[in-house]
Amino acid sequence: MRYSQGMSKPAPSQKCPSCERIFAADIRGQWMPFCSERCKLADLYLWMSESIGIPTGSSEEEDDAEPEPPPVRKQWDFD
Ligand SMILES: [Zn+2]
């Protein structure tokens, strides 16, 4: 069967939020609005990572400040 846009009921297309692939939407699809289980899990994992703050390897706050040496007290002998 040839598909054309002039058909009475074109299949609704959905853009997968995860992989951004355009796929035929199925309102009964168990992975909606994702195209597959893989994308749903990937997005879920990403969301969880952001919400609980799983370290991704690059931390913006590098806390490697060296301890300051104690101030050297100069002996000014103004007696
Ligand atoms: Zn996808």
Side-chain angles (χ1 to χ4, degrees):
M1 182 175 91
R2 247 184 90 178
Y3 178 82
S4 77
Q5 296 215 325
M7 289 177 82
S8 54
K9 245 189 164 183
S13 59
Q14 172 87 27
K15 187 180 181 185
C16 176
S18 184
C19 68
E20 300 191 340
R21 188 165 71 99
I22 303 295
F23 64 100
D26 181 359
I27 55 172
R28 292 165 302 168
Q30 57 179 326
W31 311 121
M32 287 289 286
F34 302 94
C35 68
S36 64
E37 176 184 16
R38 187 183 145 101
C39 285
K40 187 180 180 126
L41 292 180
D43 190 81
L44 183 69
Y45 178 77
L46 190 71
W47 179 84
M48 283 174 61
S49 302
E50 287 175 354
S51 61
I52 47 181
I54 292 178
T56 53
S58 62
S59 65
E60 292 176 21
E61 293 179 43
E62 291 238 348
D63 194 17
D64 59 346
E66 292 175 25
E68 276 189 43
V72 178
R73 193 152 180 193
K74 293 190 175 170
Q75 306 271 327
W76 301 106
D77 210 359
F78 291 126
D79 196 27

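What you see is a predicted model; the values in this text were computed from it and never measured. Below, each value reflects all heavy atoms present in this structure, side chains not excepted, and no hydrogens, waters or symmetry copies.
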Q: Measure the CG-CZ distance between Leu44 and Phe34 for me, rounded to the nearest 0.5 Å.
A: 8.0 Å
**Q.** Minimum heavy-atom distance Met32-Lys40, with the two atoms named
**A.** O-NZ, 4.2 Å
Q | Closest non-hydrogen atom pair, Pro33 against Pro17 | A | O-CD, 3.3 Å
Q: State whether the number of non-hydrogen atoms from other residues, nucleotides or ligands found under 6.0 Å of Ile22 atom CD1 is greater than 12.
A: yes
Q | Non-hydrogen atoms of Cys35 and Cys16 that approach each other most closely | A | N-SG, 3.6 Å
